[in-house]
Amino acid sequence: MPEVTNPYREPLKRPLTQHERDLIKWLIEHGDSRANHLLSQLDRLSVASKCTCGCPTIDFALDGEPVASKGEQLISDALGEVDGMPVGVMLFQTNDRLSTLEVYSLPGTKMEFSLPAIGSIHGY
């Protein structure tokens, strides 16, 4: 069977940036307390793909293996701000493996934007 590609994702193979690591850590520490054990995966995570729409959403690989997104569960959900624009920030896991960091514009935008500063993030 041919490999199915997602037109909304661009394959990527790179380490996490420090900002991504810090944001993921913050989301785990301020999200569902049952997911705190996932902090131990931070040093083993890398980026497997990114969203193609211009948002900073990324999908993870754990120990070099991409983590499936099918069956993802939300473990942290917060609001933040990027250049005055409100954004939503969500962290997902699949089968006890960190899978996706999703960042989306609340008003909607077709322009590329970056991750929110951690100081701008708060819960609902």
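Index from 1, following the sequence. Quick caveat, the model's predicted, so the values are computed rather than measured.
Taken from CG in Asp96 to CZ in Arg34, the straight-line distance is 11.5 Å, to the nearest 0.5 Å. Put simply, CG on Leu98 and CD1 on Ile75 are 5.0 Å apart, with the number rounded to the nearest 0.5 Å. Note that the CD1 atom of Ile58 and the SG atom of Cys51 stand 11.5 Å from one another [nearest 0.5 Å]. The SG atom of Cys53 lies 13.0 Å from the OH atom of Tyr104; values are rounded to the nearest 0.5 Å.
Partners of Arg9 under the side-chain hydrogen bond (donor to acceptor under 3.5 Å, both in side chains) rule, at least two apart in sequence or in another chain, are Asp59. For Pro15, there are no side chain to side chain contact (heavy atoms under 4.5 Å, CB included) partners two or more places apart in sequence or in a different chain. By the salt bridge (Lys or Arg N to Asp or Glu O under 4.0 Å) test, Lys13 pairs with no residue at all, sequence neighbours left out. Under the rule for a side chain to side chain contact (heavy atoms under 4.5 Å, CB included), the partners of Pro86 that lie at least two apart in sequence or sit in another chain are Leu106, Pro107. Glu72 meets the side-chain hydrogen bond (donor to acceptor under 3.5 Å, both in side chains) test with Ser99, Thr100; sequence neighbours excluded. With sequence neighbours left out, Phe113 forms a side chain to side chain contact (heavy atoms under 4.5 Å, CB included) with Cys55, Pro56, Val82, Met85, Val87, Val103, Ser105, Thr109. Residues passing the side chain to side chain contact (heavy atoms under 4.5 Å, CB included) test with Asn36 are Ile28, Ser33, sequence neighbours excluded. With sequence neighbours excluded, no residue forms a side-chain hydrogen bond (donor to acceptor under 3.5 Å, both in side chains) with Asn95. Qualifying side-chain hydrogen bond (donor to acceptor under 3.5 Å, both in side chains) partners for Ser76, counting only residues two or more places apart in sequence or in other chains: none.
Applying the salt bridge (Lys or Arg N to Asp or Glu O under 4.0 Å) test to pairs two or more places apart or on separate chains, those with a residue in residues 41-52 are Arg21-Asp43, Arg44-Asp63. Here ring-ring contact (aromatic ring centres under 6.0 Å, His included) pairs that include residues 30-68, with residues two or more places apart or in two chains, are Trp26-His30. Residue pairs meeting the salt bridge (Lys or Arg N to Asp or Glu O under 4.0 Å) criterion with at least one member in residues 101-114, sequence neighbours excluded, do not occur.
Between Pro66 and Ala48, the shortest heavy-atom contact is CB-CB, 4.2 Å. The minimum heavy-atom distance linking Pro11 with Ser49 is given by the pair CA-CB, 4.0 Å. Gly88 approaches Leu79 most closely through the heavy-atom pair CA-CD2, 4.3 Å. The two atoms that bring Ala68 and Thr94 nearest to each other are O-OG1, 2.8 Å, heavy atoms only.
A salt bridge links Arg14 and Glu20; the closest N-O separation between the charged side-chain nitrogens and carboxylate oxygens is under 4.0 Å.
You'll find the side chain of Leu91 stays beyond 4.5 Å of the side chain of Leu38, heavy atoms only. Using a 4.5 Å cut-off on side-chain heavy atoms (C-beta onward), Leu16 and Ile24 make contact. Annotation: side chain of Asp77 is in contact with side chain of Leu74 (closest heavy-atom distance under 4.5 Å).
Applying the 6.0 Å contact sphere to CD of Glu65 captures no more than 12 heavy atoms from other residues, nucleotides or ligands.
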Subject >> Pair Leu101-Val89, side-chain contact (heavy atoms from CB on, under 4.5 Å): steps then yes or no >> reply: CA-CA 7 Å; Leu101 171 63; Val89 184; 4.0 Å; yes

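Leu23 and Leu39 fall within a single hydrophobic cluster, where Ile, Leu, Val, Met, Phe, Trp and Tyr are joined by side-chain heavy atoms under 4.5 Å apart, directly or via other members. Transitive grouping of hydrophobic side chains (ILVMFWY, heavy atoms separated by less than 4.5 Å) brings Leu45 and Leu12 into a common cluster.
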